[in-house]
Amino acid sequence: MNAEMVTAIGAAIVSIITLVLNQYNKMTQKYREKMNEAKLERYKQETERLSFKRSENSAKVFGELWKILYETKADRVYIVQPHPLGNAAFLSVYFEVKRKGASGMKENIQRLPMSEMAVFSKGLAENLFLCFTDIDTQVKDKMAKSLFTTNGCSAVAIKRLNSASDWVGNIFCEFTDKMEVSEEQAHKVLHDAAVNIQYILPEYRENPYK
């Protein structure tokens with residue numbers, strides 16, 4: 001076998017190897033593309049499922065708040081949520097219902113630094129239930145007192161929400177006049193609502209809330 005024949009055979013082998021590699025690369029690329037498409041589709045389906053579940057849970061939460069408003073004859077009911085979860089530094093409100101003519105608290109409690117009313121925030125985190133029938137004399141935190149009084153609140157019942165023993169928020173049941181129900185009645189209504197809310201309460205997410 002002369003040198004030219006060896007060279008020709010070598011070139012043919014290289015061509016075959018190159019062709020096989022090219023085909024393998026094409027097949028591998030197609031496989032990767034299909035896998036990526038499948039992963040994307042699963043991600044889209046899971047996102048849609050979670051979005052639907054979040055909307056469903058939000059509707060249930062609003063329903064519970066309306067029930068509290070009706071049963072306690074309060075003027076507004078809302079949920080204050082600490083965020084971000086696990087390293088809470090702010091308080092915000094997304095869920096709120098109110099009687100016609102009552103002002104809202106949602107616009108006043110958005111990304112409110114907990115450090116600005118540290119004593120009151122500590123109380124929210126540590127107490128299962130709080131009730132203030134006289135805001136002016138019973139609420140010691142100046143920032144919290146200012147928020148209540150400037151928005152017409154004269155009495156408030158507050159129930160802590162827990163999820164797996166973690167503090168995830170508080171239901172505020174507010175009255176612009178004296179409380180129409182006893183503290184015991186308010187406690188029971190808020191406790192029953194908390195049981196239905198605390199494990200389905202969507203995490204507070206800043207703009208947009210999705």
Besides Ile109, the hydrophobic cluster formed by Ile, Leu, Val, Met, Phe, Trp and Tyr side chains linked at under 4.5 Å, directly or via other members, contains Tyr78, Val80, Leu91, Val93, Met105, Leu112, Met114, Met117, Phe120, Leu124, Leu130, Phe132, Ile135, Val139, Met143, Leu147, Phe148, Val156, Ile158, Trp167, Phe172

Could you work out the complete set of other residues in the hydrophobic cluster of Phe90, with links drawn between I, L, V, M, F, W and Y side chains under 4.5 Å apart?
none

Separation of [Y] [atom2] from [X] [atom1] (nearest 0.5 Å):
{"X": "Leu201", "Y": "Asn196", "atom1": "CG", "atom2": "CG", "result": "12.5 Å"}
{"X": "Ser154", "Y": "Met179", "atom1": "OG", "atom2": "CE", "result": "10.0 Å"}
{"X": "Ser58", "Y": "Ile200", "atom1": "OG", "atom2": "CD1", "result": "8.5 Å"}

Can you name the nearest heavy-atom pair linking [X] to [Y], along with the distance?
{"X": "Ala89", "Y": "Pro84", "result": "N-CD, 4.2 Å"}
{"X": "Phe129", "Y": "Cys131", "result": "CE2-CB, 3.8 Å"}
{"X": "Gly104", "Y": "Asn151", "result": "O-OD1, 4.0 Å"}

Heavy-atom donor-acceptor pair, [X] side chain to [Y] backbone, under 3.5 Å:
{"X": "Glu64", "Y": "Lys60", "answer": "no"}
{"X": "Asp75", "Y": "Thr176", "answer": "yes"}
{"X": "Ser163", "Y": "Asp166", "answer": "no"}

Linking I/L/V/M/F/W/Y whenever their side-chain heavy atoms sit closer than 4.5 Å, directly or via other members, would [X] and [Y] fall into one cluster?
{"X": "Leu161", "Y": "Val195", "result": "no"}
{"X": "Tyr204", "Y": "Val61", "result": "yes"}
{"X": "Phe95", "Y": "Tyr199", "result": "no"}
{"X": "Trp66", "Y": "Ile197", "result": "yes"}
{"X": "Ile171", "Y": "Val181", "result": "no"}

Could you list the residues that satisfy salt bridge (Lys or Arg N to Asp or Glu O under 4.0 Å) with Glu107, not counting sequence neighbours?
none

For the residue pair Thr133 and Gln138, establish whether any side-chain heavy-atom pair is separated by less than 4.5 Å.
yes

Quick one: are Tyr94 and Ile79 in side-chain contact, heavy atoms under 4.5 Å?
no

Under 3.5 Å, is there a donor-acceptor pair between the Gln198 and Asn162 side chains?
no

Is a donor from one side chain sitting under 3.5 angstrom from an acceptor on the other, for Asp134 and Thr137?
yes

All side chain to side chain contact (heavy atoms under 4.5 Å, CB included) counterparts of Val189, not counting sequence neighbours
Ile68, Glu71, Thr72

Exceeds 12 heavy-atom contacts within 6.0 angstrom, atom NZ of Lys98
yes

Is the number of heavy atoms from other residues, nucleotides or ligands within 6.0 Å of OH (Tyr70) greater than 12?
no

From CA spacing to verdict: side-chain contact (heavy atoms from CB on, under 4.5 Å), Leu65, Leu69:
CA-CA 6 Å; Leu65 297 189; Leu69 192 78; over 6 Å; no

Under the side-chain contact (heavy atoms from CB on, under 4.5 Å) rule, what do Asp136 and Lys145 come out as? Steps first, then yes or no, please.
CA-CA 7 Å; Asp136 192 50; Lys145 182 186 291 187; 4.3 Å; yes

With a 4.0 Å cut-off, would you call Glu126 and Lys122 a salt bridge?
yes

Run the side-chain contact (heavy atoms from CB on, under 4.5 Å) test on Lys73 and Arg99 for me, step by step, so that the C-alpha distance in whole Å, both residues' side-chain angles and the decisive distance to 0.1 Å come before the verdict.
CA-CA 9 Å; Lys73 298 179 181 178; Arg99 291 192 180 277; 4.0 Å; yes

Sort and list the pairs that fulfil salt bridge (Lys or Arg N to Asp or Glu O under 4.0 Å) and have at least one residue in residues 174-194, not counting sequence neighbours.
Arg76-Glu174, Lys188-Asp192

Do any pairs count as a side-chain hydrogen bond (donor to acceptor under 3.5 Å, both in side chains) and have a residue in residues 83-93, sequence neighbours left out, and if so which ones?
His83-Ser92

